[in-house]
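The figures here come from the full heavy-atom set of this structure, side chains too, leaving out hydrogens, waters and symmetry mates.
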Amino acid sequence: MPWDLITLNSGYVMPSIAYGTWTLGNGQGPIDQIAQAFDTKYYHIDTAQGYGNEGEVGIALHKSGLSREDVFITTKYSGFDGLDIPTAIRNSINNIDTPYVDLYLIHNPRLAVPDIPTAWAEMEKVVEDGLAKYVTQPYLLFWLTTDQHRSIGVSNFGVQDLEILLASAKIKPAVNQILLHPYVYQQQAPIVEYAAEHAIVIEAYSALQPLTKEPSGPLDAPLNEIASRLGATTDQVLFAWAKAKGAVIVTTSSKKTRLEGYQDAGDIELSKEDIAAIDAAGALGEKRITARMGLRKFGIGVLVGVVILGLCSYFFRSKD
């Protein structure tokens, strides 16, 4: 299952499929699910201050028997409780019960306060303090260096956000984690291309949303045809599409069989024609979704207008 190691702009590597804890909540449930992820060879765990389960990641890791160097841990600054970045990263490290994290992200550009350059300077200080780093994995037998590298990045940043950041950055973001699937690809293509131009790895979350949130859409036909021809499932084909776009996958499931299937998706190679068919269906679906959302907003606007007119009419009648 060749989910290849992705080389970051630092020259170091990161597993290219991650188990995400966004929807897991907290308590024993996520601990068990993270343990299951380890059992199915997910050695990249993606969490965040805002997910409320950094502690569960630490517990699962310590119970797993894996060494800290066996697992790549990403967490994020989510701006909770008004904490600044230096305080938040130390809290995250304490929650996970680890001396460092491998990758630390600003969860959203709106959390970069008072502005992106100032917030990024604080992220660079995290690197200087050794709180966000990458330690070479012992199972990477061909990677013989013992050097350490600190990795920081961003999430949900657009082209303009990254332009502002890079204008004053001493350290480039290693990654930009974004929503990425065929129904948003037209919208996200500029940031995907910009990141590639600047050696910033794209991480894709919610790659299966066309199946889970927008079923029976234009993608059904090409996904079903490709899956049937390749002896795969449609979710595996979507992961293969994201991989073909150069993205690292962040996914989750409570079902071991699905996690194993997602791992197997790393073996799937799509042809140029397959990718083009998915792109075309995705673009059509994106137009339909955009139109539907526009109509919904228009309907809400009309409804609000009717309510306001009704209130105004009532107010003026009562004054009379």
Between the main-chain N or O of [Y] and the side-chain N or O of [X], is there a donor-acceptor pair closer than 3.5 Å?
| X | Y | answer |
| --- | --- | --- |
| Tyr19 | Gln36 | no |
| Trp120 | Ile171 | yes |
| Gln236 | Ala227 | no |
| Gln263 | Thr40 | yes |
| Glu286 | Gln187 | yes |
| Gln177 | Val154 | no |
| Thr252 | Gly20 | yes |
| Asp115 | Thr118 | yes |

Does Arg68 form a salt bridge (charged side-chain N to carboxylate O under 4.0 Å, His left out) with Asp102? I'd like the steps, not just the answer. CA-CA 10 Å; Arg68 175 62 187 86; Asp102 300 281; 2.8 Å; yes

Other residues, nucleotides and ligands only: do more than 12 of their heavy atoms fall within 6.0 Å of CD on Gln160?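 No, not enclosed.
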
So does Arg90 have more than 12 non-hydrogen atoms from other groups sitting under 6.0 Å from CZ?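 Open: at most 12 neighbouring heavy atoms sit under 6.0 Å from CZ of Arg90.
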
Please determine if [X] and [Y] form a salt bridge, counting it only when a charged side-chain N lies under 4.0 Å from a carboxylate O.
| X | Y | result |
| --- | --- | --- |
| Arg229 | Asp274 | yes |
| Asp267 | Lys243 | no |
| Asp279 | Lys272 | no |

Is there a chain of hydrophobic side chains (I, L, V, M, F, W, Y, each step under 4.5 Å between heavy atoms) that links [X] to [Y]?
| X | Y | result |
| --- | --- | --- |
| Leu66 | Ile73 | yes |
| Leu208 | Val237 | yes |
| Ile249 | Leu180 | yes |

Decide yes or no on side-chain contact (heavy atoms from CB on, under 4.5 Å) for Ile85 and Met123, but give the supporting numbers first. CA-CA 7 Å; Ile85 288 171; Met123 293 288 284; 3.8 Å; yes

State the [atom1]-[atom2] distance between [X] and [Y], to the nearest 0.5 angstrom.
| X | Y | atom1 | atom2 | value |
| --- | --- | --- | --- | --- |
| Phe157 | Ile164 | CZ | CD1 | 9.0 Å |
| Lys245 | Ile278 | NZ | CD1 | 8.5 Å |
| Asp81 | Leu83 | CG | CG | 5.0 Å |
| Ile152 | Glu122 | CD1 | CD | 11.5 Å |
| Asn53 | Ile45 | CG | CD1 | 10.5 Å |
| Thr290 | Gln186 | OG1 | CD | 10.0 Å |

Name all pairs fulfilling the ring-ring contact (aromatic ring centres under 6.0 Å, His included) condition that reach into residues 173-200, sequence neighbours left out, sorted by first residue then second.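 Checked against ring-ring contact (aromatic ring centres under 6.0 Å, His included) - neighbours excluded - the pairs reaching residues 173-200 are Tyr185-Trp241, Tyr194-His198.
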
Tested for side chain to side chain contact (heavy atoms under 4.5 Å, CB included) against Thr21, the lone hit among Asn26, Asp46, Thr47 is Thr47

Test side chain to side chain contact (heavy atoms under 4.5 Å, CB included), reference Tyr42, set Val71, Leu259, Ile34, output is Leu259

Taking all atoms of both residues into account, what is the closest heavy-atom pair of [X] and [Y], and its distance?
| X | Y | result |
| --- | --- | --- |
| Ile6 | Ser16 | CG1-CB, 3.4 Å |
| Asp97 | His62 | O-NE2, 3.1 Å |
| Gln49 | Ser92 | CB-OG, 4.4 Å |
| Leu219 | Pro182 | CD1-CB, 3.6 Å |
| Ser67 | Leu61 | O-CD1, 4.3 Å |
| Glu56 | Gly27 | OE2-N, 2.8 Å |

Quick one, Thr251 and Arg258 - any side-chain contact, counting heavy atoms below 4.5 Å?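 No - every pair of side-chain heavy atoms lies 4.5 Å or more apart.
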
Any side-chain heavy-atom pair from Leu230 and Leu270 closer than 4.5 angstrom? yes

Should Lys172 and Leu166 be marked as a side-chain contact (heavy atoms from CB on, under 4.5 Å) after you check the CA-CA gap, both sets of side-chain angles, and the distance that decides it? CA-CA 7 Å; Lys172 276 187 179 182; Leu166 292 174; 3.9 Å; yes

Carefully, step by step, assess Ser78 and Tyr51 under the rule side-chain contact (heavy atoms from CB on, under 4.5 Å). CA-CA 9 Å; Ser78 304; Tyr51 301 168; 5.9 Å; no

Using the side-chain contact (heavy atoms from CB on, under 4.5 Å) rule, take Ser151 and Leu8 through it: C-alpha gap first, then chi angles, then the decisive distance, then the call. CA-CA 9 Å; Ser151 297; Leu8 302 178; 3.7 Å; yes

With Glu54, which of Asn95, Asn94, Asn91 fulfils side-chain hydrogen bond (donor to acceptor under 3.5 Å, both in side chains)? Asn95

Report yes or no: do [X] and [Y] form a side-chain donor-acceptor pair below 3.5 Å?
| X | Y | value |
| --- | --- | --- |
| Asn156 | Tyr205 | yes |
| Gln28 | Asp32 | yes |
| His107 | Ser155 | no |

For Tyr262, all residues meeting ring pair (Phe, Tyr, Trp, His ring centres under 6.0 Å), sequence neighbours excluded: Phe239

Using side-chain hydrogen bond (donor to acceptor under 3.5 Å, both in side chains), reason through Tyr77 and Asn108 one step at a time and then give a plain yes or no. CA-CA 9 Å; Tyr77 171 71; Asn108 193 288; over 6 Å; no

Angle between ring planes, Phe38 versus Tyr43, binned at 30° and 60°: parallel, tilted or perpendicular?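 Geometry flag for Tyr43 against Phe38: parallel rings.
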
